[in-house]
Amino acid sequence: MTEQEVVTGGSSSKTARVLSAAAEPTKLDQIKLTEEDRVSTGIGELDRVLGGGIVPGSMILVGGDPGIGKSTLLLQTCRELSRSGQRVLYISGEESLKQIKMRADRLGGFSDTGMELCCETDLTAIAAILKERKPDVVVIDSIQTMYNEEVSGTPGSVSQVRESTAVLLQLSKSLSISVFIVGHVTKEGTVAGPRILEHMVDTVLYFEGDRHASYRILRGVKNRFGSTNEIGVFEMMEQGLAEVKNPSEYLLSGRPEDASGTVTACTIEGTRPILLEVQALVCQTSFGIPRRQSSGADLNRINLLMAVLEKRLNMHLGNCDAYVNIAGGMRIMEPAVDLAIAMAIVSSFLNKAVSGKLIAIGEVGLSGEVRGVSQIEQRVQEAAKLGYETVVIPKVGIDRVKGIRGIRVIGASSVQDAIALIK
Ligand code: TYD
Ligand code: MG
């Protein structure tokens, strides 16, 4: 149970007043569209997730676990934006000016930018600053530290987070300032986290990744101005975040040659096919109940695939432990990786390697049939581009990839067809 304060008068009615300014109905065909003047952030991967850049006057929430690199990403964005002539204001409620300066020095390249910083948590003061300076882009780091004195509750509480966002929204729309809001998501405290304000902002991005691995994924969850399937891939380096332009190459680097239990798969993230390595380790269980563990893939799906292999291929997996891992820490819920997971499990079970030049694509059904997947052409094309020799795809999709040269395409109608390729 979370206590919520009811706000009477005060800020919520202020928000209502701003919105009522445009309440007069207008004929749809009389609304003039100014050609979309998006502002590029100077960071290609971020532009991609935003749908081609920032729409001026929009509000963007960047959520993620503490320490994942949100402040770093936004500071780099500010650097690029101010270099391209935008007036940028970075408002921090978490770090002192000196701390931000130290981070900026570490990132480098800030010397010729006119970017401004400010440490403030009081929204009344922030509103005054924004009205006076009218910057183009503002970063609020983080929403959990902001407070509005008209609302009771401590900073970070549900009512404070919601009311602070309402005030920022109103400022953003009335002054046409693009606002980036940083929101921490904590495992325990998601309630007071950014979840409650997802519906208020225009765009919600989540920055995720294993804190111990160096790469990070920026994922669009909601976007009023573009697709939400896009991801941006970054790598955390000594000098900040670097864009990973070709994630497939990155995710496949370090793949063992001719080891059993590893198969390359292809998933589509947004408009981009990404190749990745599926690993499986199957061994006799030494305890009563077999262990099934997954990192990066859906565990229920793995149990289902193992049941299919047991029933349709007579493989005795019932007393085996199985561990499945998507290398590089990607999380894949797409059924198109089913076939690769099944092949990896069988490969590990039989201790026979699958060729390193082979890619498996397809969804596996309960009778062991291989079903079609979307965008098969793009997937096969990506495989051909990266120098793969053979691709196993669902038989139904074989006509669609006829035109693609440089790769041998094998159509599989059942898992057995694909398993036969393991030698
Ligand atoms: P930070 O942006 O402070 O995370 P958040 O704002 O999401 O809490 O990032 C913190 C981590 O990033 C910290 O553990 C150190 C690491 N880091 C680097 O590896 N290289 C760098 O250049 C910077 C600035 C940070
Ligand atoms: Mg931070």
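Every number for a ligand or one of its atoms is a count from 1 in the order of the listing. Worth saying up front: this structure is predicted, and the values here are computed from it rather than measured. Computation of the quantities below employed the complete heavy-atom set of this structure, encompassing side-chain atoms and omitting hydrogens, waters and symmetry-equivalent molecules.
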**Study point:** Arg400 atom CZ: more than 12 heavy-atom contacts under 6.0 Å
**Key:** yes

Review point. So, are Arg291 and Asp321 salt-bridged, with charged N and O less than 4.0 Å apart?
Key: no

**Study point:** Ser142 N/O/S atom closer than 2.8 Å to the Mg ion (ligand 2)
**Key:** no

**Study point:** Atom pair CD1 (Ile274) and CD (Glu334), whose distance is rounded to the nearest 0.5 Å
**Key:** 10.5 Å

**Study point:** Residue pair Val55 / Asp202, side-chain heavy-atom distance below 4.5 Å
**Key:** no

Review point. Counting only non-hydrogen atoms of the protein, does one fall under 4.0 Å from atom 10 (C) of ligand 1?
Key: yes

Revision key, fill the gap. For atom 19 (O) of ligand 1, the closest protein heavy atom turns out to be Met236 CG, 3.3 Å

Check your understanding: Which of the numbered atoms in ligand 1 are below 4.0 angstrom from a heavy atom of Pro66?
Key -> 8 (O)

Check your understanding: What protein heavy atom is closest to atom 4 (O) of ligand 1, reported as residue, atom name and distance in Å?
Key -> Gly69 N, 3.1 Å

Check your understanding: Between Lys70 and ligand 1, which part of the residue brings a heavy atom under 4.0 Å of the ligand: side chain, backbone, both or neither?
Key -> both

Exercise for review: Establish, yes or no, whether the cationic atom of Arg79 lies under 6.0 Å from the six-membered ring centre of Phe110 and within 45° of the ring axis.
Suggested key: yes

Check your understanding: Among all protein non-hydrogen atoms, which one is nearest to atom 14 (O) of ligand 1, and what is the separation to 0.1 Å?
Key -> Gly67 O, 4.3 Å

Point to revise | Minimum non-hydrogen distance to atom 24 (C) of ligand 1, winning option of Val62, Leu74, Thr72, Asp65 | key: Thr72

Exercise for review: Compare every heavy atom of Ile341 with every heavy atom of Ala297, then report the nearest pair and how far apart it is.
Suggested key: CB-CD1, 4.1 Å

Check your understanding: Among protein heavy atoms, which lies nearest atom 20 (N) of ligand 1, and at what distance?
Key -> Met237 O, 2.8 Å

Check your understanding: At a non-hydrogen distance cut-off of under 4.0 Å, which region of Ser71 contacts ligand 1 (side chain, backbone, both, or neither)?
Key -> both

Study note, to complete from the structure: Under 4.0 Å from one or more heavy atoms of Gln239, ligand 1 contributes atoms 22 (O)

Exercise for review: Have a look at Thr72 and tell me which of Arg106, Arg103, Arg216 forms a side chain to side chain donor-acceptor pair (under 3.5 Å) with it.
Suggested key: Arg103

Exercise for review: Output the distance between atom NZ (Lys70) and atom CG (Asp65), rounded to the nearest 0.5 Å.
Suggested key: 7.0 Å

**Study point:** contact_flag Gly240 ligand 1 heavy-atom lt 4.0 Å
**Key:** yes

Practice item. Report the member of Met102, Arg106, Glu94 with the shortest heavy-atom distance to atom 21 (C) of ligand 1. Key: Arg106

Exercise for review: Among all protein heavy atoms, pick the one closest to atom 1 (P) of ligand 1 and tell me residue, atom and distance.
Suggested key: Arg103 NH1, 3.4 Å

Check your understanding: Under 4.0 Å between a Lys/Arg side-chain N and an Asp/Glu carboxylate O for Arg272 and Glu269?
Key -> no

